[in-house]
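Lettering of chains follows the sequences in order, A, B, ..., and the numbering in each one begins at 1.
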There are 2 protein chains.
Amino acid sequence: MPTMDTKTALLNSAEHAARTLGFDGFSYADLAEDVGIRKASIHHHFPSKAKLSVALMQRYHQNFEANCAAISGNHGTGGTQLSQLIKLYRAASGNGKQLCLCVSFSASRDSLPPGVIEQISMFREMVIAWLTDFFEKGSMDGSISNVADPALEAVATLSLLEGAQLAARSEENPRFFDEAVKLLGMRITA
Amino acid sequence: MPTMDTKTALLNSAEHAARTLGFDGFSYADLAEDVGIRKASIHHHFPSKAKLSVALMQRYHQNFEANCAAISGNHGTGGTQLSQLIKLYRAASGNGKQLCLCVSFSASRDSLPPGVIEQISMFREMVIAWLTDFFEKGSMDGSISNVADPALEAVATLSLLEGAQLAARSEENPRFFDEAVKLLGMRITA
DNA sequence: TACGACCTACCTACTGATAGGTAGGTTTAA
DNA sequence: TTAAACCTACCTATCAGTAGGTAGGTCGTA
């Protein structure tokens, strides 16, 4: 098994910590212990915690967008695409052990640099764009019922998904996510 | 104007700080400065930050429940009651400057004592019960359209409201809350 | 009434731990 | 050799909290 480069290991560790404990809830000491280098060495890769948050959000955005593009490319109807995106959010909640980075950062947004607030904003816009696309497709191909306005559906769905993650995280139980999105799921007919 | 007792002033200050910055984002020093006593004196009223969080959640639950009961008592149709509750959540987001305590605490739940996690769970159950009541009324009196299952509607709506707060908080703009709940609003006919 | 005991609510001084970070040096791999 | 990546040693600042004390108020009893 190839050894991961330290910077990536740090990003993985930091993402996991941020999504589990929040931005204010983890420290460089946690990352150092996890990755196996000294706390002070982290500054070589990330000169400040703020800079680390920038890199985290950037990477998260890219990965998530790639996942959405994959869903769009691999699944035929708007309904299945929406269903896959719901699954993506469910998976991101890590069985109630984590939140997606966007949610986690939003709750402590005052601790973050302005650039990251911008990134969070763009992340939400990106997800809403994909959701709007899926709702439009689903409305036209009939795989999502009662689509009044795809753009408004998209915005509401994103809030629903984020709120569902919060509930699951609070209870450390994915069943709370499932219950929150059940009605939405019933509107989807593959 | 009567002088507020110190304990209440501390609770107010702590609630504001927790809902703005998160549990890990504020410290006793912030409260001390706000209330005008020394940091160490806070321990007289709240021996630990964990105990403070217990008191905060208890008070928040009581206040919120009283607000829901008032809505139920003062407004006639299920639709207007639901509409008022949505307004309550919007108001709690403080024009994008705050989150409701439940959301704020959920995001850093690992920093909280187990009892508070229980309290958060009960808070959500309480809100869901009220929402279920409002949806049932709205379904029967015709003031909320397309109510498939009041209990599921309630759960989804709570997640929607919490997610909407996150979006508004992240952007520091209540317009994002409004947009997220727009479709729900359209289902209400006074 | 007066005084002692007790309480409440604050203080100063301090603790040990931890936070993010700096600076200079060493090690490792290409 | 050189640069990246690590190290040690340390910094300032801050954290939640402890310990002992003061001051003013209240209560009970003689």
Check: B:H16 ring centroid to B:F26 ring centroid under 6.0 Å: no
Please tell me if B:S27 has a side-chain N or O lying less than 4.0 Å from either OP1 or OP2 of D:dC15. yes
Can you check the B:L31 CG to C:dC10 P distance for me, whole Å? 13 Å
Find the distance B:R38:CZ to D:dT18:C1' and express it as a whole number of Å. 18 Å
Calculate the interatomic distance between A:K49 atom NZ and C:dT22 atom C1'; express it in whole Å. 18 Å
Go through it in stages, so that I can follow the logic: the residues are A:S27 and A:K39, the test is side-chain hydrogen bond (donor to acceptor under 3.5 Å, both in side chains), and I'd like the CA-CA distance, side-chain angles, deciding distance and then a yes or no. CA-CA 9 Å; A:S27 71; A:K39 186 175 60 139; over 6 Å; no
Salt bridge check: are A:K137 and A:D133 linked by an N-O gap of less than 4.0 Å? yes
In whole angstroms, how far is the C1' atom of D:dA5 from the NE2 atom of A:H45? 6 Å
With a sphere of 6.0 Å drawn around CZ of A:R59, does it hold more than 12 non-hydrogen atoms of other residues, nucleotides or ligands? yes
Which part of the nucleic acid does A:A40 contact within heavy-atom distance under 4.0 Å: base, sugar-phosphate only, or nothing? base
A:K39 has an atom NZ; how far is it from atom C1' of C:dA17, in whole Å? 11 Å
Could you give the NE2-to-P distance, from A:H44 to D:dA5, as a whole number of Å? 4 Å
Whole angstroms only, please: what is the NE2-C1' distance between B:H43 and C:dC11? 13 Å
Counting side-chain heavy atoms from C-beta on, which of C:dC11, C:dA19, D:dA5 comes nearest to B:I37? C:dC11
Could you tell me whether B:F26 contacts a base, only the sugar-phosphate backbone, or nothing, with contacts defined as non-hydrogen atoms closer than 4.0 Å? sugar-phosphate
Phosphate-side-chain proximity, A:S41 and D:dA5, N/O vs OP1/OP2 below 4.0 Å: no
Can you check the B:K51 NZ to D:dT18 P distance for me, whole Å? 10 Å
